[in-house]
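Letters A, B, ... are given to chains in the order of the sequence lines, protein chains preceding strands, and every chain is numbered from 1. Quick note: numbers below take in every heavy atom, side chains included, and nothing from hydrogens, waters or symmetry partners.
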There are 2 protein chains.
Amino acid sequence: MVVCELSEEQTNKVFRALADATRRDIVRRTLRGEVSVSGLAAHYDMSFAAVQKHVAVLEAACLVTKIARGRERIVRGQPETLRQAQVLLTSLEDIWRQRISRLDDFLAETEN
Amino acid sequence: MVVCELSEEQTNKVFRALADATRRDIVRRTLRGEVSVSGLAAHYDMSFAAVQKHVAVLEAACLVTKIARGRERIVRGQPETLRQAQVLLTSLEDIWRQRISRLDDFLAETEN
DNA sequence: GTAACATACAACCAAATGGTTGTATGTGAG
DNA sequence: CTCACATACAACCATTTGGTTGTATGTTAC
């Protein structure tokens, strides 16, 4: 079990996990509805073990969780982690916006 | 020069680039104001060449651009690429939201 | 109970990543 | 002109990543 806070290291894992088309697709499917690992694996042209590893990467990043149900493991998407990633991107954009508004202030001052 | 569209491959590069604390810090600094590569390198406990490589990764992901000024290269943050990454995260969250609203509809129907 | 299914996990491999040092080239200051 | 600075880039190395196959274990169906 991994503690799911957005530390520097955890942030690395989240973005790293999203930097792969297969994993992004897995996230989509797990957000859409309930799926088992083998259910996911059926969609990709790679071994079951490979898909299992992708799910493990997403789980370590807290982008999905797994719960046992019978002999299957149900994989659930974790929208909260996506939201945290969005917050980080927004904070970066805000830095830029603040700069632009400082620039506007400067221009407003000098143009008078 | 890299064509900056958000293809699957380009998306990989953007998230991969953001999956490193040093690179995220570089993005912050380049959004805050103008900086040269050596100006950036001064802040990190690694060789100039290593920082150069980080900037190259960010440039390939279109998260920054470099322009020559005298003997320096000025590195600029590209907020547009950040916004595109945000759009992708939002689209993932929307998938989840749609599922929830379908679930609400279902409950509303059966509870009558 | 046994066969088939779902998962877990180790061992292995090629390629990519993230750092290093060394060398070459272009630019600016004096 | 020359020296110092800013950059570029190649070669090298250890570690991580993303895939494979093989084996073991737990669960369900019959």
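- Nearest heavy-atom pair across B:Cys62 and B:Gln10 is SG-NE2, 3.5 Å.
- Between B:Glu80 and B:Arg83 there is a salt bridge, with a side-chain nitrogen of the basic residue lying less than 4.0 Å from a carboxylate oxygen of the acidic one.
- Look at A:Gln52 and you'll find a side-chain N or O under 4.0 angstrom from OP1 or OP2 of C:dA8.
- As rounded to whole Å, 8 Å separates atom C1' of C:dG19 from atom NE2 of B:His54.
- Both B:Ile74 and B:Lys53 sit near DNA chain D, but only B:Ile74 has its closest nucleotide nearer the 5' end.
- Under the 4.0 Å criterion applied to side-chain N and carboxylate O atoms, A:Asp25 and A:Arg29 are assigned as salt-bridge partners.
- Atoms CG (B:Asp20) and P (C:dA16) sit 19 Å apart, rounded to a whole Å.
- Put simply, B:Arg69 has no side-chain N or O that comes within less than 4.0 Å of OP1 or OP2 on D:dT7.
- The distance from atom CD of A:Glu72 to atom C1' of C:dA8 is 15 Å, rounded to the nearest whole Å.
- Of the residues near DNA chain C, A:Arg16 and A:Gly39, the one whose nearest nucleotide (by heavy atom distance) lies more toward the 5' end is A:Gly39.
- The interatomic distance linking A:Leu40 (CG) with C:dA8 (P) rounds to 12 Å, in whole Å.
- If you measure from atom CD1 of B:Ile67 to atom P of D:dA6, you get 17 Å, rounded to the nearest angstrom.
- Between the CD atom of A:Glu9 and the P atom of D:dT16 there is a distance of 11 Å, given to the nearest Å.
- An OP1 or OP2 oxygen of D:dT20 is reached within less than 4.0 angstrom by a side-chain nitrogen or oxygen of A:Ser47.
- A donor and an acceptor atom, one from each side chain of A:Glu59 and A:Thr65, are nowhere located under 3.5 Å apart.
- In this structure, CZ of A:Phe48 is placed 7 Å from P of C:dA8, rounded to the nearest angstrom.
- Between B:Ser38 and D:dC5, a side-chain N or O to OP1/OP2 separation shorter than 4.0 Å is absent.
- For B:Arg71, whose side chain is taken as the heavy atoms from C-beta onward, the closest listed nucleotide among D:dA11, D:dT27, C:dA29 is C:dA29.
- Looking at heavy-atom distances under 4.0 Å, B:Ala68 makes no contact with the nucleic acid at all.
- By the 4.5 Å heavy-atom criterion applied to side chains, A:Ile26 and A:Tyr44 are counted as neighbours.
- Checked against C:dA4, D:dG19, C:dG18, the side chain of A:Met46 finds its nearest nucleotide in D:dG19.
- Taking atom NZ of B:Lys13 as the reference point, atom P of C:dG18 lies 14 Å away to the nearest angstrom.
- Proximity of B:Arg23 to the phosphate of C:dG18: a side-chain N or O atom is located under 4.0 Å from OP1 or OP2.
- For the OP1/OP2 pair of C:dA8 and a distance below 4.0 Å, the side-chain nitrogens and oxygens of A:Lys66 include at least one atom meeting the criterion.
- In this structure, B:Arg73 reaches the D:dA8 phosphate: one of its side-chain N or O atoms is under 4.0 Å from OP1 or OP2.
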